[in-house]
Amino acid sequence: MDTEVSGKPPVGTFDVAALKAEFPLLQREVHGRPIVYLDSGATSQKPQAVLDAMDRYYAEINANVHRGAYHIAERATMAVESARASLARFLGAPSAEEVVFTKNATESINLVAHSWGRTNLAEGDVVLLTMLEHHANIVPWQQLAAERGVEVRWIPVDDQGRLDLANLDALLHGVRLLAVTAASNVTGALPPIRRLADAAHAVGATVLVDASQWVPHQPTDVTGWDADFVAVTGHKMLGPTGIGALWGRRELLDAMPPFLGGGSMIQNVTVDGFTPAEVPTRFEAGTQPIAEIVGWHAAIDVLDGLGMEAVAAHECDLTEYALRTLADRFGDDLAIHGPAGVVADGAVVRGGTLSLAYRDVHPHDLSQVLDQHGVCVRAGHHCAKPLMKVLGVNATARASLYLYNDESDVDALADALADAGDFFAS
Amino acid sequence: MDTEVSGKPPVGTFDVAALKAEFPLLQREVHGRPIVYLDSGATSQKPQAVLDAMDRYYAEINANVHRGAYHIAERATMAVESARASLARFLGAPSAEEVVFTKNATESINLVAHSWGRTNLAEGDVVLLTMLEHHANIVPWQQLAAERGVEVRWIPVDDQGRLDLANLDALLHGVRLLAVTAASNVTGALPPIRRLADAAHAVGATVLVDASQWVPHQPTDVTGWDADFVAVTGHKMLGPTGIGALWGRRELLDAMPPFLGGGSMIQNVTVDGFTPAEVPTRFEAGTQPIAEIVGWHAAIDVLDGLGMEAVAAHECDLTEYALRTLADRFGDDLAIHGPAGVVADGAVVRGGTLSLAYRDVHPHDLSQVLDQHGVCVRAGHHCAKPLMKVLGVNATARASLYLYNDESDVDALADALADAGDFFAS
Amino acid sequence: MAGLEDLYREIILDHYRNPRNRGELEVPPATMTEGFNPLCGDEIQVYLQVTDGTISEVRIGGQGCSISQSSASMMSTAVVGKSIDEARDVLRQFKEMMSIHEHGLEGDDAAPADDRPGASGLGDLEALRGVVKFPVRIKCATLGWNTLDQALVLSEAGSPTE
Amino acid sequence: MAGLEDLYREIILDHYRNPRNRGELEVPPATMTEGFNPLCGDEIQVYLQVTDGTISEVRIGGQGCSISQSSASMMSTAVVGKSIDEARDVLRQFKEMMSIHEHGLEGDDAAPADDRPGASGLGDLEALRGVVKFPVRIKCATLGWNTLDQALVLSEAGSPTE
Ligand SMILES: Cc1ncc(COP(=O)(O)O)c(C=O)c1O
Ligand SMILES: Cc1ncc(COP(=O)(O)O)c(C=O)c1O
């Protein structure tokens, strides 16, 4: 989906109350109040279907994959490969063989930094990042910079926490890799990926997209983005912890040396050395997170069932409701970092990630008081310290919406905020 | 436990039938026959308690850890840290802070190769491996050898698939790292770790123990081994897939640079660079396999409940029964690679990993026929191709016993073998 | 559910017990290409002598299970005497037979769309169709053929040694 | 279950709203040591002027939550005028109070063994004992103290700049 031209998606059509009922954790109480989970940017909750799929896997076909001829090992192998096919389709990838399983998006990006980066980048080469990046898409490049003398350069952000592309052409000079997030985990900003990819490709650079915060919320089309690598993580999109993936263009993956060495990633091993296997196996050393792959597959089925267009539409509406409600109730007492509106110039420019600054209450204290109301928001730097510095804060209190949230959750947030104001004013 | 002096452990005291009933998969049928699972060397089955612990985690406290002040995030953080403490104790580690979570033993070894290895090893330095090693403990060193000119050297094995230590002193010349398995996943051989560690330390070498196949089966004491690094994996010890750990001596870990870069492993990040966090966080980039850590903790509780001495004793008895039964029924038609007996010179020298060669039936075919009987054994090179070459085969059919197996499983294996003989003789 | 008899047809066991064209050829003039099944350890050598665009001699070396060995043996008899293009044709047909269809991958039993013998014109090779019901074994059945594929490329490139 | 009043005692909020010894000292002759809470982004600077083995002046800079700020403020009043050894003593006592006991880590509610005010002789600092019931906030409460720890090492080393 091209965020620059498609504008606001059509109104969603699923029943949020019914959906919420499928998430065991959302039925819980905290401190005697129903839980209001607004930290899906950190990790999403999991529907029963995902837990059931993993339990079923363990109860019925648990076995190590790609190595056994017996029935359950065969079933387990098929489960992994059909999950790979499903994920590939979900991402709009041309081929399942371009999908490498990892433990999380962090490992996916490190894989690129180690395998592609250490093969293709030399002293003086430039890696272009943006000030919106999560540490996962910063530190691996700084490690490479320290080790190889690669230069790390930054695309700045404007006062709304959106990329400032005014000097893009100059910034792209000498760039070999552009590594950019598709959705900020702090401001909710959605950078124009296709435009950035086109500009980067025009100077011969490779493009890595950190889609950790995009894929859970919007229809994804890695081909439409014209990306070269895309990193995703399962636990933020209804899937279990411990599983992520890297999608990469076949030609690039084919030319890359292995990263982690061990079982399964080899063609042959002798005392003198080893021959690596084909992709994607080449990058999947050791026993994979098999149950987690199965659970992720079930999560994708749930998302497919709802339809990602509908998910995006629902979150779009809910985010607008939240922005409106918070502005109405708190006025200037509450500032929200990031783009002021959901849609700008006919494009969706922000997701439902709301980084709040409320009077002079420190985010950590705010989150503590909200917790007493059962409202879960995250306080901290959200693994984006360079962006925090630009925003002029050490931390924010971040409420992040997801498909199971509704207006009542936003209202609960507002009520809790009002109470926090009272508490610290007293 | 020092395998060289302790001899055969006392007889086990748990009720195997009752234990078996706690494993959902072991209640299944395959091809109309009760499943006989003899591939625990590849991955173990999981007791209901482990599945329940993970479901409970997801249903009650699922949240990202070390970052949230709200109640469930606090609970999730505590769950991870108490699992770390439990694992440290289970391994005999002096401190929980020396335990780093990884996705599997393969990643643990790669972590050492990248972080310790690339800091401490230079051209000409020698890494000493054994011919018993799994690819996970070979390929990372060969990668380093190719990149850095490090020399990889091998401790040979004798005709029983046990380490031949006759020339150990000569082999240790120039060695900076000894990387050795505590239990062969092919022959079941249990190398004398303490003796090897002492010899290696005497020449100033560091010692990494691949304990993937040891920890599930025997009491572990990393301090008693006097090891420097120990790699373990959860899924072979009743735990879920997607989780492993590295234990390392504090002084070594403290001096090591980070491996994977990303969230949580930093102290500070600016546009100019990052400062790494303390250990173990320094090595835990990104969202951890949280539910898997919780599930692994439950697995350790189950093992603790049985008592690892009792587990070892049970497997010891069962292995002796298997060796006897197979010899009685098949005589020279069946060869078993590895040490001929469980105990030699007063020490336990092999575990319940039985690599079989049956007449001229290819292991792959053998495993296929056994599968028709519900008997699950692995056919292949078991990620130990250099050892296969020494044994003079391309593959073996491997039956590996675990705590839930009993004599009836061994008998079922023998019956199925007899049938396979008939099938291919016809 | 697929039974053992679907996998181990009589003709397969015959080729396993009595492999055709087993041995080596002198390199050069022949070419030798080696294939591995990284999962199970099977390995195969395909020796190919191409004379005037025709496969005049094939020899098979290596070790493997009944499926990989018999498939390679059958492959050798199927391509000897054929032109490189004709051999490629058989190769393509065989690989098609071995490809699992989406529904097979996802369902409980992997059943190919059409398993009537003779449907593809592959002759004896049809016996290997049952392998599709045992997806893990497909890699065994195709090992020799994938190696042939590389061997043909090598022969065409006119390079006399590997 | 621990309530907010266990965490936000009146004296804590007072130190937060009216931080003592806030500011900077000239470096040198003073030393400056910086501490981070990598989890939440809080940062603190501890300026220390040690004269004849006695902490003659302390100043606190940086940003943080009410717990980290008030704890640092209370720390500054607790150590000023003390010898380095005496300061270490307070530091040790405070850290002891903050250490969670095993049962606290595992149980549902983290309750310290003894939370009677005054039990430790830490005076006002006792008010921070309630933090132990909120394990995630312990790092907030100890941030200033851990930074002091480093600052004392630095001062002792006699190095006038960081
Ligand atoms: C001896 C040995 N080392 C290492 C490993 C690798 O373990 P994992 O695949 O869980 O990383 C295995 C198991 O496959 C093993 O048997
Ligand atoms: C934008 C972004 N990138 C990368 C990550 C890292 O994901 P993970 O922790 O699953 O590796 C996150 C989440 O923490 C994120 O928000």
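In what follows, every chain begins at residue 1, and chains take the letters A, B, ... in the order their sequences are listed. Treat the numbers as computed from the prediction; the structure is a model and nothing was measured.
When heavy atoms are compared at a cutoff of 4.5 Å, B:V152 does not approach chain A at all. With a threshold of 4.5 angstrom between heavy atoms, A:P276 does not approach chain B through any atom at all. Neither the backbone nor the side chain of B:P257 comes within less than 4.5 Å of any heavy atom of chain A. For chain A, the nearby part of B:I35 is the side chain; its heavy atoms alone come within less than 4.5 Å. With a 4.5 Å cut-off on non-hydrogen atoms, B:T233 does not touch chain A at all. Interface remark: A:S40 contributes no atoms to any contact with chain B (heavy atom separation under 4.5 Å).
Contact tally against chain B (heavy-atom pairs below 4.5 Å) for A:P240, A:A146, A:A113: the top residue is A:P240. Considering only heavy-atom pairs separated by less than 4.5 Å from chain B, the leading option among A:V271, A:L51, A:I266, A:L370 is A:V271. If you tally non-hydrogen atom pairs under 4.5 Å between each of A:G242, A:A59, A:P24 and chain B, the highest count goes to A:A59. Contacts with chain A were tallied for B:W141, B:Y58, B:F274; B:Y58 has the most, counting heavy-atom pairs under 4.5 Å. Chain B forms the most heavy-atom pairs under 4.5 Å with one residue out of A:A136, A:C376, A:P289, A:A384, and that residue is A:C376. Per-residue heavy-atom pair counts under 4.5 Å with chain A were compared for B:G262, B:G374, B:G261, B:A105, and the maximum is reached by B:G261. The candidate with the highest count of non-hydrogen atom pairs below 4.5 Å against chain B, out of A:T102, A:N268, A:D52, A:L26, is A:N268. Contact count against chain B (heavy-atom pairs under 4.5 Å) is highest for A:T106 among A:T106, A:I109, A:D272. In terms of heavy-atom pairs under 4.5 angstrom with chain A, the leader among B:V50, B:L25, B:V139 is B:L25.
Atom CE of B:M54 is separated from atom NZ of A:K46 by 13.5 Å, given to the nearest 0.5 angstrom. Here CG of B:L260 is found 6.5 Å from NE2 of A:H114. Values are rounded to the nearest 0.5 Å. A distance of 9.5 Å separates OG1 in B:T270 from CD1 in A:I138, rounded to the nearest 0.5 Å. To the nearest 0.5 Å, atoms CD (B:E107) and NZ (A:K103) are separated by 3.5 Å.
With a 4.5 Å cut-off on side-chain heavy atoms, B:E74 and A:D371 do not count as touching. With a 4.5 Å cut-off on side-chain heavy atoms, A:N62 and B:H235 do not count as touching. The shortest distance between side-chain heavy atoms of A:R28 and B:I61 does not fall below 4.5 Å. Proximity of B:T43 to A:I290: side-chain heavy atoms (C-beta onward) are nowhere separated by under 4.5 Å.
The only member of A:Q368, A:R378, A:Q372 that meets side chain to side chain donor-acceptor pair (under 3.5 Å) when paired with B:Y70 is A:R378. Screening A:K389, A:E133, A:Q142, A:M388 for a side chain to side chain contact (heavy atoms under 4.5 Å, CB included) with B:V269, the sole residue that qualifies is A:Q142.
Side-chain contact, B:T241 with A:E292: a donor N or O sits under 3.5 Å from an acceptor N or O.
Between the A:N104 side chain and the B:G286 main chain, no donor and acceptor come within less than 3.5 Å of each other. Listed for the B:Q143 side chain is a donor-acceptor partner under 3.5 Å among the backbone atoms of A:F259. Counting only distance, with no hydrogens or angles, the side chain of B:D55 and the backbone of A:Q48 share no donor-acceptor pair below 3.5 Å.
Here the closest non-hydrogen pair linking B:G263 and A:C383 is CA-SG, 3.8 Å.
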